[in-house]
2 protein chains.
Amino acid sequence: MAVTIIDVAREANVSPSTVSRVITDHPRISVKTKKKVREVMERLQYYPNFQARNLAARSTQTIGVVMANSATLAFQNPFFPEVIRGICTKAHAGQLGIYLSTGGTEEEIFQEVVAMVQGQKVDGIILLYSRVDDKTLNYLREMNFPFTIVGRPYEYENQIDFVDNDNRKIAQDVVNYLVELGHKNISFIGGDLKFVVSSDRLEGYQSALANHELTYQNQYFIHDFAYEQEGKEAIRHLMTQENPPTALVAHDDSVAYEIIRFLEELEIRVPEDVSIISFNNHALSEHVKPPLTSVDIHIFELGIKATELLLDRIKQPEREAVHQFVDTTLIVRNSCRSLNPREK
Amino acid sequence: MAVTIIDVAREANVSPSTVSRVITDHPRISVKTKKKVREVMERLQYYPNFQARNLAARSTQTIGVVMANSATLAFQNPFFPEVIRGICTKAHAGQLGIYLSTGGTEEEIFQEVVAMVQGQKVDGIILLYSRVDDKTLNYLREMNFPFTIVGRPYEYENQIDFVDNDNRKIAQDVVNYLVELGHKNISFIGGDLKFVVSSDRLEGYQSALANHELTYQNQYFIHDFAYEQEGKEAIRHLMTQENPPTALVAHDDSVAYEIIRFLEELEIRVPEDVSIISFNNHALSEHVKPPLTSVDIHIFELGIKATELLLDRIKQPEREAVHQFVDTTLIVRNSCRSLNPREK
DNA sequence: CTGAAAGCGCTTACAG
DNA sequence: CTGAAAGCGCTTACAG
């Protein structure tokens, strides 16, 4: 019913092969023939059938994008839309489609990825997270299927393409910044340590403390911060101990917003009573009160670079693994206070 | 190289037709044969080739999702990720894939949609916006291709499937709420009137004013609110006129955040000096200062319902057009103040 | 209940 | 520079 390559060929008095070659702008077709065929294509409103084309050519012209938990929490976090925006931008430039994973659980996502790979739905995959012992990651690696991670892989670092921020370093920078402001009792409110980004930042925090000869104390560390009641209790506990921290490092801006709210209920003021600094610099961090000091991790660029890496890998399946680190910027706003007397 | 239906057939001593029928769980294949074939599929790690399957079956098992401007602004707005989350959830339940548009300009998006339709990349399309005289929309309608809009279409309303909030009504509700609080000078900071959502909300605002016998005044209306310098100037102008409004209705929470910031610079306090109310209830509206009173429009559900409508339409191309309105909830926080003396 | 055959709409060596 | 033919990996009337 739709117009096919055969219709065009008949109408233009050439063979289907020739039409096919005109579509791909094959150099050995005469300009005259190309012109004639293109006119017919235009006139008949011909568009090549995507599936037939890819089946014959053994490619798909689409890349798969896999989130940790698309259907549940992922999109609450501004990180994902922003990386995807980067991916879309680059993909669009290369005429590639984006196929989005939709699974809700780890197992569902794994099954979807297997279907993408085995069913040849996509030419390559971008993983938007990096987790310890990830079945999906291991599968892709074992299949030797083209893929890139946004984040540092837990194992086999030098066999895998990835882009990331230098999370250990930026956590150090953040601690250094607080130390310069005169803080010594610095707490860390971390994320789920199954994610490499969380453990990297924790490591950076710890090593920065060591550099400043501040000892790491377990009671200053909240691991896998929970929202709602549980998180509130953790913050209360943290702030009412004998020697409470004067500064908090939160692993994500939305965690920082929540903490500020809990602190408020405890009548602890930011930054007067406690400073807070965080990572990821969400769009709204300039609008909350107080405006949040945060590390901008250039999420859009992570998406762009990840796509570039993947396209390279698809073209050259055997090239060496490539790692790229994307720069970050500390955005100083008003959530941290100096304890140095001379600056007060 | 990958294992095909032929390999499975040979190994199971049946014909490819039979394997194919086992894949689709055809009722007329004996249980015994099914069992045997499934064992072989399992053993050989067979997965049907997605493209070949769809080419032969003339379907795609994927739906296209089209944003207004994916590569630029769309993802800044929490609306899109949240609808997409709804769409993914529903699509996943039906084993469908999601194909995301990536175009940056209106024309690019149009071309992408034409390629999706003509190239038979998708079985149906969800449009995440509704705009006046939209080329893409008109094309889909003329092609009689299955599609659904999130938003009310500008024309041909009863020929098109869509889901929406009742934007005229919720704008009225918001004005009624302010009037109950004693406000009479109510300003409206609207969006781009090319989008139907913006003009619907403006209409609701106007008719509510009329109901309360308040006259609509042009100097209370800011059309197509701009961020940055231009928006700031507009707000300054609005608030320094002879008879400034005591309440502002903003067409989106992120606009409200921005306005609050401008007001601050003008040393106008919210809600003491002016009240502000808004639509869409973004996740962060409870965290800004003051916490924002906003209408929750149940974005996730818009996504779910839109997908349901589309799946129905794909199954029954000739059924009557269906419209669904998704409920909304006014979330009262602290950005509006009562002017009624008795409540003060 | 199962198989042989045609077909989905392209691409691509091969040949000239 | 162009065409005939085989093939990509499936599905689905048709026949038995």
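Not measured: the values here are computed from a predicted model. Chain letters run A, B, ... following the sequence lines, proteins first and then strands; every chain starts at 1.
- Taking the centre and axis of the six-membered ring of A/Tyr156, the NZ or CZ atom of A/Arg141 falls inside the cone set by 45° and 6.0 Å.
- Residue B/Thr4 has no polar side-chain atom (N or O) positioned under 4.0 Å from OP1 or OP2 of D/dG9.
- Within the 4.0 Å cut-off from OP1 or OP2 of C/dG9, at least one side-chain nitrogen or oxygen of B/Arg58 is found.
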Strictly under 3.5 Å: I want the nitrogen or oxygen pairs between protein and nucleotides 13-15 of chain C, one per line.
unit_1: C/dA13; atom_1: N6; unit_2: A/Arg21; atom_2: NH2; d: 2.5

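- Looking at DNA chain C, the stems built from 3 or more consecutive Watson-Crick or G-U wobble pairs, each pair with its key distances under 3.5 Å, are C:1-3 with D:14-16, C:5-12 with D:5-12, C:14-16 with D:1-3.
- DNA chain C is contacted by B/Thr33, B/Leu55 of residues 32-55 of chain B, taking any non-hydrogen atom closer than 4.0 Å.
- Each of B/Val31 and B/Ala57 was matched to the nucleotide of DNA chain C holding its nearest heavy atom; the match closer to the 5' end belongs to B/Val31.
- If you check every strand for non-hydrogen atoms under 4.0 Å, B/Val19 touches nothing.
- Here the rule is salt bridge (charged side-chain N to carboxylate O under 4.0 Å, His left out) with A/Lys135, and of A/Glu107, A/Glu142, A/Glu106 only A/Glu107 fits it.
- A close approach under 4.0 Å does not occur between any side-chain nitrogen or oxygen of B/Thr24 and OP1 or OP2 of D/dT11.
- An OP1 or OP2 oxygen of C/dG3 is reached within less than 4.0 angstrom by a side-chain nitrogen or oxygen of B/Thr18.
- Ion pairing between A/Glu39 and A/Lys36 fails under the 4.0 Å rule for side-chain N and carboxylate O.
- Between B/Tyr99 and A/Tyr99, the ring centre distance reaches or exceeds 6.0 Å.
- Comparing D/dG3, C/dG3, C/dC8 by their closest approach to the side chain of B/Val14 singles out C/dG3.
- The pair A/Arg319-A/Asp161 counts as a salt bridge, with a side-chain nitrogen and a carboxylate oxygen less than 4.0 angstrom apart.
- To the nearest whole angstrom, the two C1' atoms, one in C/dT12 and one in C/dG16, are 16 Å apart.
- Using a 4.0 Å heavy-atom cutoff across all strands shown, B/Ser20 reaches at least one base atom of the nucleic acid.
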